[in-house]
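Lettering of chains follows the sequences in order, A, B, ..., and the numbering in each one begins at 1.
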Amino acid sequence: MAEAIALIDCNDFYVSCERVFAPRLLGRPVVVLSNNDGCVISRSEEAKRLGIGMGAPYFKSRRVIEEHGVAVCSSNYELYGDMSRRVMCALREFAPEVDVYSIDEAFIRLGGRGGRGLEEQGLEIRKKVRAWTGIPVSVGIAPTKTLAKLAARHTRTETKSSGVLDLTGADVQEAVLGATEVREVWGVGPSHASLLNEAGISTARELRDADVRWVRRRLSVVAARIVEELRGVQCLPFEECPRARRSVTCSRSFGELTGSLEDLRDAVALYAERAAERLRRAGCAASVVTVFVLTDRHAAAPQYGNSATYELASPTDTTGELAWWAQRGLTQIYRRGYLYKKAGVILGGLRPAGALSMRTHGDEQFERARRAMRAVDALNRRHGRDTVRCGLPRAPDGRWPTKLLLRSPRYTTRLDEVLRV
DNA sequence: TCTGGGGTCCTAGGACCC
DNA sequence: TCTGGGGTCCTAGGACCC
């Protein structure tokens, strides 16, 4: 049996995570909101049927949510991240190499295993992941990643479906591609979809059969690769090892607007700290620091947005140094008289932190700072985030605790929040 | 009143070089 | 009359993903 690629896609992932620990949410419409309870970012099937849009502002769906008694959860990324790790662990039982694509999706390779068919293997994966983690998944099986994505999506939207679709056969490919709109193809966004539609290409099958040179010219090389992938030619490699990160961002919209530099300083200090923590967890050091501020683009008030970027003489992974540059940038770009909605810190020029020993050698101050970071990280890992903080924040948790009024307990990662029976 | 956060890659155009 | 040709690097902005 020829090798095939399977995409395992968790259904309505954030909602499903909430349901694992709160069975009262089963069978009823549920949505999960973004930070500040701003947008709907995950919906149960029941909620989708009520017409609640993906990414739609919460306040716009509020009426339908109240009318139909939709359960509403603030996002709980600690829980989702941990559940994701469990799902990926389960998948490793089926294939040694798992290509983790996002928090709720992964590719694995499927071959002939003891003569069992691909669909049968897909059903077993689905059953086991469900049993071990409580998360329902869809499985798409095909010769390429793009076709596997298409298969998983198709089986999820079909009303009578086993949750598994084997798209390796020519006939089933023909039928499914013909029934899939081009804008549903992975990598085709709204802009490319309307361009393709104008050219008379409206289904995935028509895109597959389009002139690849024309697609290359009018869209991009990425789009040309999609065409090849739809034809069954592998262009997107299976990635056994996670690719090296290129940047780390920490940014937030504020619960309320502010015009004060002091407020922005607090926010930027917190974001720099968070970004630096993530940087160290990834085992990286950064040599480029960017800080940005933005006003509320939805407001009628005067708009302003700016950023400052610094290239560091030598890379670092210490919070103090990174935060210093972020503050310096903030001083540069801050303008009085505007009401700010959002700020953020981006760390770039990433490289493995191991190479820092070059710099450490002979730089005692830097060496001390790095030892301090290791100690701080260890304490925070052991006793919970923000047990130790860097610098002197005005408020223990920043000025704007992100609004998370409806967040569920972090069942799997906080001892004081475990499920009580 | 109320619109998230974190990423990647590609392209076009300008600056600059020989 | 008649203005080369080819290359690299950088950046901003666009498009897409979840």
Side-chain angles (χ1 to χ4, degrees), chain A residues 7 9-14 31-43 52-63 65-66 72 74-77 80-81 84 100-107 145-146 149 152-153 182-196 215-226 235-236 239 242-257 271 274-275 278-279 282 288 290 292 294-301 305-307 309 311 339 341-350 400 402-405 407:
Chain A
L7 172 72
D9 192 343
C10 300
N11 299 344
D12 315 323
F13 184 56
Y14 298 169
V31 297
V32 173
L33 303 179
S34 64
N35 271 337
N36 291 317
D37 294 346
C39 295
V40 173
I41 53 171
S42 181
R43 308 159 295 159
I52 299 169
M54 180 62 176
Y58 177 41
F59 73 91
K60 282 192 180 168
S61 300
R62 198 150 202 165
R63 232 191 57 199
I65 283 171
E66 279 163 10
V72 179
S74 299
S75 38
N76 186 347
Y77 292 107
Y80 311 149
S84 173
V100 178
Y101 175 68
S102 75
I103 193 166
D104 67 342
E105 288 167 78
F107 296 97
K145 284 185 166 182
T146 304
K149 286 278 286 186
R153 183 186 176 117
V182 76
R183 67 179 158 82
E184 295 172 63
V185 175
W186 188 34
V188 176
S191 163
H192 287 174
S194 71
L195 209 149
L196 290 168
V215 173
R216 164 72 189 85
R217 216 169 48 239
R218 290 302 307 276
L219 302 175
S220 68
V221 295
V222 181
R225 280 202 284 263
I226 292 171
C235 299
L236 307 174
E239 307 197 38
R243 258 190 283 176
R245 274 171 159 285
R246 309 200 56 124
S247 65
V248 174
T249 304
C250 182
S251 70
R252 298 274 182 286
S253 295
F254 306 142
E256 49 192 271
L257 301 176
Y271 304 159
R274 289 273 181 275
R278 263 183 246 156
L279 182 74
V288 179
T290 298
F292 68 88
L294 286 173
T295 51
D296 184 358
R297 68 181 197 281
H298 301 290
N306 206 349
S307 68
T309 297
E311 208 140 331
L339 286 173
K341 172 69 177 173
K342 184 173 183 175
V345 173
I346 306 169
L347 307 178
L350 267 44
W400 311 272
T402 307
K403 278 191 233 159
L404 293 170
L405 300 176
R407 185 178 67 194

Please give, in whole Å, the distance from [N] [atom2] to [X] [atom1]?
| X | N | atom1 | atom2 | value |
| --- | --- | --- | --- | --- |
| Leu347(A) | dG7(B) | CG | C1' | 14 Å |
| Leu33(A) | dG5(B) | CG | C1' | 14 Å |
| Phe59(A) | dT1(B) | CZ | C1' | 9 Å |
| Arg62(A) | dT1(B) | CZ | P | 13 Å |
| Tyr77(A) | dG5(B) | OH | C1' | 6 Å |
| Leu294(A) | dT3(B) | CG | P | 14 Å |
| Ile41(A) | dT3(B) | CD1 | P | 15 Å |
| Phe254(A) | dC2(B) | CZ | C1' | 17 Å |

Can you name the nearest heavy-atom pair linking [X] to [Y], along with the distance?
| X | Y | value |
| --- | --- | --- |
| Cys250(A) | Arg274(A) | SG-CB, 3.7 Å |
| Gly305(A) | Leu294(A) | CA-CD2, 3.9 Å |
| Ala106(A) | Val100(A) | CB-CA, 4.0 Å |
| Trp186(A) | Ile226(A) | O-CD1, 3.5 Å |
| Ile41(A) | Ser75(A) | CD1-CB, 4.4 Å |

Identify, with sequence neighbours excluded, every residue that meets side-chain hydrogen bond (donor to acceptor under 3.5 Å, both in side chains) alongside [X].
| X | result |
| --- | --- |
| Thr295(A) | Gln303(A) |
| Arg153(A) | Glu184(A) |
| Arg246(A) | none |

Pairs under 3.5 angstrom, nitrogen or oxygen only, protein versus nucleotides 15-18 of chain C, please.
from    : atom 1 : to        : atom 2 : distance (Å)
dC16(C) : OP1    : Gly189(A) : N      : 2.9
dC16(C) : OP1    : Gly189(A) : O      : 3.1
dC16(C) : OP1    : His192(A) : N      : 2.8
dC16(C) : OP2    : Pro190(A) : N      : 3.4
dC16(C) : OP2    : Ser191(A) : N      : 3.1
dC16(C) : O5'    : Gly189(A) : N      : 3.3
dC16(C) : O3'    : Gly187(A) : O      : 3.4
dC17(C) : OP1    : Gly187(A) : N      : 2.7
dC17(C) : OP1    : Val188(A) : N      : 3.3
dC17(C) : O3'    : Trp186(A) : NE1    : 3.4
dC18(C) : OP1    : Lys149(A) : NZ     : 2.7
dC18(C) : O3'    : Ser102(A) : OG     : 3.1
dC18(C) : O3'    : Asp104(A) : OD1    : 2.8
dC18(C) : O3'    : Glu105(A) : OE2    : 3.3

So, is [X] near the phosphate of [N], with a side-chain N or O under 4.0 Å from OP1 or OP2?
| X | N | result |
| --- | --- | --- |
| Lys341(A) | dT3(B) | yes |
| Ser251(A) | dG4(B) | no |
| Ser253(A) | dT3(B) | no |
| Ser34(A) | dG5(B) | no |

Check your understanding: Do the side chains of Leu219(A) and Leu196(A) get nearer than 4.5 Å, heavy atoms only?
Key ->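 Yes. Closest side-chain heavy atoms under 4.5 Å.
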
**Study point:** Residue met sooner reading DNA chain B from 5', once Tyr14(A) and Arg245(A) are mapped to nucleotides
**Key:**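 Checking each residue's closest nucleotide, the 5'-ward one belongs to Tyr14(A).
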
Check your understanding: Where each residue is assigned the nucleotide of DNA chain B containing its nearest heavy atom, which of Arg246(A) and Met54(A) is assigned the position nearer the 5′ end?
Key ->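 Residue closer to the 5' terminus by nearest nucleotide: Met54(A).
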
Review point. So, Arg218(A) side chain and His192(A) main chain: donor-acceptor pair closer than 3.5 Å or not?
Key: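 Checked: no pair found.
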
Review point. Would you say Asn36(A)'s side chain and Ser253(A)'s backbone share a donor-acceptor pair under 3.5 angstrom?
Key: yes

List every contact pair, protein side and nucleotides 10-14 of chain B side both N or O, where the distance is under 3.5 Å.
from    : atom 1 : to        : atom 2 : distance (Å)
dC10(B) : OP1    : Arg225(A) : NH2    : 3.2
dT11(B) : OP1    : Arg216(A) : NH1    : 3.3
dT11(B) : OP1    : Val221(A) : N      : 3.2

Review point. Name the stems with DNA chain C in them: runs of three or more consecutive Watson-Crick or G-U pairs, distances under 3.5 Å?
Key: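 Looking at DNA chain C, the stems formed by three or more consecutive pairs are B:5-18 with C:5-18.
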
**Study point:** Criterion side-chain contact (heavy atoms from CB on, under 4.5 Å) on Tyr58(A) and Val31(A), from CA distance to verdict
**Key:** CA-CA 10 Å; Tyr58(A) 177 41; Val31(A) 297; 5.6 Å; no

